[in-house]
Amino acid sequence: MSDGEGDWSFYLRTVSNSARESNVSNDPASDPSLLHALKKLCDVCRQDEKSSEDLVARVYPHLNKLFQRSVASLYQSSTSNGLLLLVILQFFLDFGEMVLHDADPSLQIFIRSCLTREYANPAVAAATLDFLYVNKKKLLISFPNLLPQFFPLLLKLIAWNGEKLEKPFLKVFPGLVSPGSFLPLFPSLVDLPILVVALEKVERRSGLQKGNNVASTQKSKAPEMLLALMDEAYTGTNIGDGGGDSSKGSSTRDAPDPLFRELLKDENDGLSELHWASPGVAAVLQAVKNSPQSDRLKQILNIAPRLLDAYFTIALRDANNSLICALIPILMTRYSMMFPNKNYMYKTRQRLLEFMLAAFQHSPGFIALLKKPIIDRLGDVYESTEKTELALQLCWAVGEHGGGGGAHKDVARELFESLELLLYENLSSSRLGPKQESEVNSNHRNLTKSSQSRLLCFVITAIAKLATHHRELLLRASVALVKVARSRISDSRVKRRAQDYLGLMDEPGICLSVLGPSRPSNGLVHHPGTVNWIEGGTKMVAHIPFYILGEQEGPPFHDFLFSDVLPGRR
């Protein structure tokens with residue numbers, strides 16, 4: 001301290017002068033030397049171990065007063081206070097125990113008072129993410145609910161600032177996921193593009209020029225507009241009720257859509273239903289489709305799927321089964337409701353399906369627990385192409401995992417009946433002649449010939465798999481497959497698949513190997529593709545169906561060895 005004591009005293013006087021209430025300036029951040037002095041004082045306190053307690057005790061009162069004064073000046077400030085407050089917060093975290101200062105209220109004040117106004121400032125946004133990453137362990141241990149509580153506000157950092165903050169945001173992102181934020185975080189990630197639209201709508205309505213940040217534009221009404229939107233979300237008051245120029249029509253028709261009010265909130269208040277069916281949202285999304293996309297929106301359309309990757313990775317690794325099971329119905333609902341951009345929808349839906357199937361693979365019992373939403377989705381198969389794809393993947397999962405396993409026979413029977421109904425509906429419509437086809441429900445006509453064949457293949461495969469796992473369903477499955485095999489369907493691939501499954505079901509040992517679940521719920525070791533002849537009962541080797549030799553039909557026209565059928569057995 002002796003060599004730099006003069007400089008240290010100068011820095012302390014600078015901070016002390018700014019902290020005085022008698023200071024003429026109402027805005028501490030207006031002093032350009034203050035931030036530098038603060039950083040130097042904090043560095044000295046960290047480096048000088050011998051006298052650190054004395055130094056911290058001398059510095060702390062001034063920093064505490066400066067923090068309160070900076071927060072109070074936010075409402076009238078024309079400059080950013082964010083960087084200044086972050087340096088003081090770092091001091092509170094580093095030396096809070098030494099001076100008996102609880103940093104939690106200070107962190108909450110910073111987020112609610114400063115970050116809500118300065119999230120659009122690139123320097124403040126970057127410094128905030130860096131602060132959260134540096135103190136990640138301390139925050140998770142001492143304040144585990146802080147980041148999950150304010151994840152909607154933190155998402156604004158990435159939504160507004162885009163790709164330049166993607167890497168630092170991904171470093172902080174795991175801290176946003178907790179039991180209390182796990183479910184509401186998912187729809188917020190899916191709706192990130194709409195959050196950008198909402199923020200840009202506020203920008204245009206308030207007259208904020210592109211390229212200027214909210215904090216640095218004194219005359220802009222953007223901060224007030226955004227705070228009014230949030231106040232409306234929390235209190236229900238209309239933003240047009242208060243002052244303003246009534247001649248400009250700032251009344252109910254200018255009030256934000258309920259979806260936007262939900263998106264623009266800053267704190268996590270649990271899972272809430274978004275108003276996707278509202279006319280306002282439909283109009284805004286249609287306007288977005290018909291107008292050029294902003295650079296900010298283009299960036300978030302690429303970022304959002306990558307954030308979902310991180311979210312799903314954390315979910316499969318850390319989340320408990322109850323939360324994952326509760327998430328899957330939300331995933332099913334949101335599968336057909338997302339921002340209307342083809343590339344974004346493709347990437348996002350691909351990730352949703354991958355996670356859903358991975359969850360079923362990890363816990364097949366989810367299928368039994370989610371019987372009702374699965375049956376509902378099977379009934380929505382005709383509504384749109386995306387709902388058709390979701391239903392097909394659910395068909396595959398139901399068959400692959402035996403309807404939840406051997407312990408859920410009643411659930412498997414109900415799922416089987418839903419698949420039967422789906423099969424017979426499509427089987428009857430595919431037999432109709434040209435005149436009769438015109439009388440079929442319009443939803444059915446939306447299915448092209450190829451998509452209907454694909455649907456039938458998925459359904460009969462799920463039926464055969466369910467019957468393989470639950471032998472009591474074998475007779476009903478055989479009846480259904482015989483009807484398909486004898487039908488007048490023009491697509492021979494569907495009939496051939498039904499015939500193949502009928503042949504396999506006559507050979508239980510091979511059938512279990514080919515159609516049995518890859519992970520039986522009873523815990524027995526099962527290797528797909530390996531025949532367990534004990535399951536074959538009294539069946540003889542000569543009864544091996546010849547069609548598995550290849551595309552040949554009927555009896556073989558040449559001699560063959562057993563190794564031709566199963567190369568693994570010699």
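Everything quoted here is computed from the prediction, not taken from an experiment.
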Matching residue for Phe67 among Phe110, Phe91, Phe92 - test: ring pair (Phe, Tyr, Trp, His ring centres under 6.0 Å): Phe92

From CD (Gln361) to CG (Leu316), nearest 0.5 Å: 11.5 Å

Polar side-chain atom of Gln293 near backbone of Lys298 as donor-acceptor pair, under 3.5 Å: no

Contact check, side chains of Leu129 and Lys171, non-hydrogen atoms, under 4.5 Å: no

Within-4.5 Å side-chain heavy-atom neighbours: Thr388 and Phe458: no

Heavy-atom pair with the smallest gap, counting every atom of Val177 and Phe182: CG1-CD1, 3.9 Å

Salt-bridge criterion met for Lys347 and Asp309 (N-O under 4.0 Å): no

Option passing side chain to side chain contact (heavy atoms under 4.5 Å, CB included) with Leu378 (candidates Leu419, Leu392, Val398): Leu419

Side-chain touch Gln149/Ile111, heavy atoms, less than 4.5 angstrom: no

Leu301 versus Pro305, closest heavy-atom pair with distance: O-CD, 3.2 Å

Heavy-atom closest contact (Ala125 atom, Leu165 atom, distance): CB-CD1, 3.6 Å

Nearest heavy-atom neighbours spanning Gly175 and Leu147: O-CB, 3.5 Å

Option from Phe360, Tyr335, Phe312 for which ring pair (Phe, Tyr, Trp, His ring centres under 6.0 Å) with Phe355 holds: Phe312

Atom pair CZ/CZ of Phe95 and Arg46 - distance to nearest 0.5 Å: 5.5 Å

Ser336 versus Glu386, side-chain donor and acceptor atoms under 3.5 Å: no

